[in-house]
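What follows is a set of notes on a single structure, which appears directly below.
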Amino acid sequence: MRNSADRPLVVQKDLTVLLETHHPEAEELRANLSRFAELVKSPEHVQTYRMTPLTLWQAAAAGMSGEDLISWLEPYSKFPLPAGAAADIRKYVGRYGLLRLERVGEELLLVSEDTVVLGELMNYAFMQKYIVESRGERAVQVLREARGELKQELAKLGYPVSDMAGYHRGEALAIRLKGTTAGGADFRLRDYQEEAVDAFYRGGSTMGGSGVVVLPCGAGKTVIGIAAMAKLGCATLVLTSNVTSVRQWKREILDKTELTEEQVGEYTGETKEVKPVTIATYQIITHRKAKDEPFVHLALFNRRDWGLIVYDEVHLLPAPVFRATADIQATRRLGLTATLIREDGRESDVFSLIGPKRYELPWRKLERSGWIATVECTEIQVPLSEERRAAYAGAEARRQFRLAGENAAKLDITRTLLQKHAGEPTLIIGQYLEQLKLLSKLTGAPMISGETGHEERERLYAAFKAGRERVLIVSKVANFAVDLPDASVAIQVSGSFGSRQEEAQRLGRILRPKPGANKAYFYTIVSKDTKEQEFTMKRQLFLVEQGYSYSIVTVGGMASAERGGLHRVPSSLPEELVLT
DNA sequence: GAGGTGGTAA
DNA sequence: ATGCGTACCACCTC
């Protein structure tokens, strides 16, 4: 038994967990912690994780018990677990599964072994509109059409419902994967893809067929969606974020399955086909003539007897699609995403309406098996010039962020980095068009923004892929463009506030496996001692939670540190960056 | 093909 | 614990 000084965790009463990052077992502990807690702070030596009701429900849905968590935390904790904390962990984990939805014949029942809780819930005013009639102490019949709404409401109240009411099969459709038949193309599911589909199909401790699969960029989420369709063998509606992605889904489906053009349809602004497999954008579903008018294309959900709905980029799911999804709870639902993060407080709706997280593949694990590149992340802190510092001090908070973002000193650093990585395909990614235009002028590299037409984009992508253009400067289009070619170096010159989503997305741009050492470089240039620096820390939390670490280099000084710091990739950043 | 509307990030 | 202008996309109408 290690003595308490060697133990790297402190569990606090408010369900936060502190992890000492220098502990030899820190990396392993982080991997486990991130299964039931989220990272909220990561300064140099100690990381703060937080268990929330939702992160604990996710753990419960994955089959962990409160006792499992407590007995895992205890031996690593410096101090005995505060009594309140242990009780809360048991309470929240135990909440999941306390209420179940079950179907008996045509009836939908809300069931609980805990008669006290069920009794209390029955007294809530909002419950009255869902109740058909009481079925003794342990069950109550509820309206079938309220299945989604009821789960949403109860989750908000702190009682997540385990939905065992099953699904309808939908219109049958034989979908055969190529490569599984003689003479097919050479295509096989990777092990983790198979596991993900399986986890979705079976479910954790609860009924499968609905839920979320979380996979890093480049791990083949589309393939998992396709394999899920094939496994269920039914008409499928795929919802995704933009038209390019619709095309990509269609291409992949035709490429990986034996479905024909006649069976796969696009439902977008241009083309409105409803075929056994239909791919649509979120936008078209949420479209309406005017604010107070109804959604024009909402009926797509009922245009066919879908047996499966795939929600690509499920973290982007817009409010009206939540509403529509609440009404189709008997249809199987698969959510796909790289980062299950929403900061608009609707995570619990994703949990209730799409389903619990069924499978998550940690990014670094995929890195170890070589499916994605190893990335060296460096944060370069650049001071503001004296003039800019003065303007900054006098500016309103809002203006300050932009002044820091557009810090002219970043231009020099960018040029230095381009020299350092001469010859390597490089993306420069930023937030402000003016800043990017200037960079384009200074470096001669072409720039792509929302204004750039599709033809021009494709021409530039092709030139970049062929190596005729070595550097591309991209605006926020990089957050959406699914066809942006992969690079081995990314330089982030500015970004939007504290978006963890965006940081992950941008890192994702250099993850495709590289020939040779399979290595990529991610730089983020930040104005020192500004608002931007704070937001940068927030941005990095998701990736640090995934086990990435950033070497911090200060330009003009020599200070160097490490954020994340659980695994150390020595920074290969040269001294020549010290530009003073 | 441009311009208007509405929706997204967080 | 964070922001309410900035950038972008898709749809529809003309």
Side-chain angles (χ1 to χ4, degrees), chain A residues 14 16 38 40-41 48 50 52 239-247 266-272 279-298 300 312-324 337-347 395-406 429-437 447-457 473-484 493-506 530-542:
Chain A
D14 63 354
T16 55
E38 58 175 356
V40 289
K41 247 191 282 176
T48 307
R50 185 174 49 207
T52 67
L239 301 175
T240 187
S241 52
N242 59 45
V243 176
T244 320
S245 171
V246 169
R247 305 270 145 75
E266 272 177 39
Y267 194 94
T268 62
E270 250 170 64
T271 331
K272 289 190 181 49
I279 313 152
T281 58
Y282 287 124
Q283 268 85 352
I284 198 161
I285 288 179
T286 55
H287 180 264
R288 47 183 165 183
K289 279 209 174 91
K291 229 183 172 77
D292 47 0
E293 289 195 47
F295 300 99
V296 186
H297 300 287
L298 211 50
L300 184 58
D312 192 18
E313 313 284 3
V314 68
H315 58 276
L316 297 174
L317 210 108
V321 179
F322 273 120
R323 247 168 281 142
T337 184
T339 56
L340 192 45
I341 296 173
R342 297 179 72 104
E343 277 161 301
D344 60 357
R346 300 210 67 161
E347 290 100 333
E396 283 176 72
R398 211 169 309 142
R399 176 93 190 117
Q400 283 186 326
F401 184 71
R402 179 145 192 178
L403 277 167
E406 293 192 301
I429 312 177
Q431 157 100 332
Y432 302 108
L433 298 181
E434 286 309 310
Q435 180 185 34
L436 296 176
K437 276 177 200 155
M447 163 182 166
I448 299 171
S449 75
E451 293 161 20
T452 316
H454 280 272
E455 257 173 60
E456 174 73 354
R457 282 186 207 198
I473 300 179
V474 287
S475 71
K476 280 202 302 201
V477 288
N479 298 12
F480 307 89
V482 284
D483 45 358
L484 181 66
V493 293
S494 52
S496 67
F497 300 93
S499 173
R500 295 174 281 179
Q501 190 71 55
E502 190 176 75
E503 186 87 356
Q505 187 83 255
R506 288 175 173 179
T530 65
K531 286 241 149 49
E532 192 183 38
Q533 215 181 325
E534 289 166 44
F535 283 118
T536 295
M537 290 207 271
K538 170 102 198 272
R539 294 173 64 82
Q540 296 170 352
L541 284 178
F542 174 77

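Hydrogens, waters and symmetry mates play no part in the numbers below; they use all other heavy atoms, side chains included. Just so we're clear, the structure is a prediction, and the values are computed from it rather than from any experiment.
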[X] near the nucleic acid: base, sugar-phosphate alone, or nothing, with a heavy-atom cut-off under 4.0 Å?
X: A/Lys272; result: sugar-phosphate
X: A/Ser496; result: nothing
X: A/His297; result: sugar-phosphate
X: A/Glu451; result: nothing

Using 30° and 60° as the class boundaries, would you call the ring planes of A/Phe497 and A/Phe401 parallel, tilted or perpendicular? parallel

Among [options], which nucleotide has an atom closest to any side-chain atom of [X]?
X: A/Phe535; options: C/dT2, C/dG5, C/dC11; result: C/dT2
X: A/Ile284; options: C/dC11, C/dC8, B/dT8; result: C/dC11
X: A/Tyr432; options: C/dT6, B/dT8, C/dT2; result: C/dT6
X: A/Leu316; options: B/dA9, C/dG5, C/dC11; result: B/dA9

Gap between atoms [atom1] and [atom2], on [X] and [N] respectively (whole Å):
X: A/Lys437; N: C/dA7; atom1: NZ; atom2: P; answer: 8 Å
X: A/Gln283; N: B/dG7; atom1: CD; atom2: C1'; answer: 7 Å
X: A/Lys531; N: C/dA1; atom1: NZ; atom2: P; answer: 18 Å
X: A/Glu270; N: C/dC9; atom1: CD; atom2: C1'; answer: 14 Å
X: A/Glu532; N: C/dT6; atom1: CD; atom2: P; answer: 17 Å
X: A/Asn242; N: B/dG7; atom1: CG; atom2: P; answer: 18 Å
X: A/Arg506; N: C/dC8; atom1: CZ; atom2: P; answer: 11 Å
X: A/Lys476; N: B/dA9; atom1: NZ; atom2: C1'; answer: 6 Å

Can you tell me if A/His287 touches the phosphate of B/dG4, counting only side-chain N or O atoms and a distance under 4.0 Å to OP1 or OP2? no

OP1 or OP2 of C/dC11 under 4.0 Å from side-chain N/O of A/Thr281: yes

Side-chain contact, heavy-atom cut-off 4.5 Å: [X] with [Y]?
X: A/Asp312; Y: A/Leu239; result: no
X: A/Arg500; Y: A/Thr339; result: no
X: A/Leu433; Y: A/Ser475; result: yes
X: A/Glu347; Y: A/Glu38; result: no

Pairwise 5' ranking along DNA chain C for A/Arg402 and A/Arg457, keeping only the more 5' one: A/Arg402

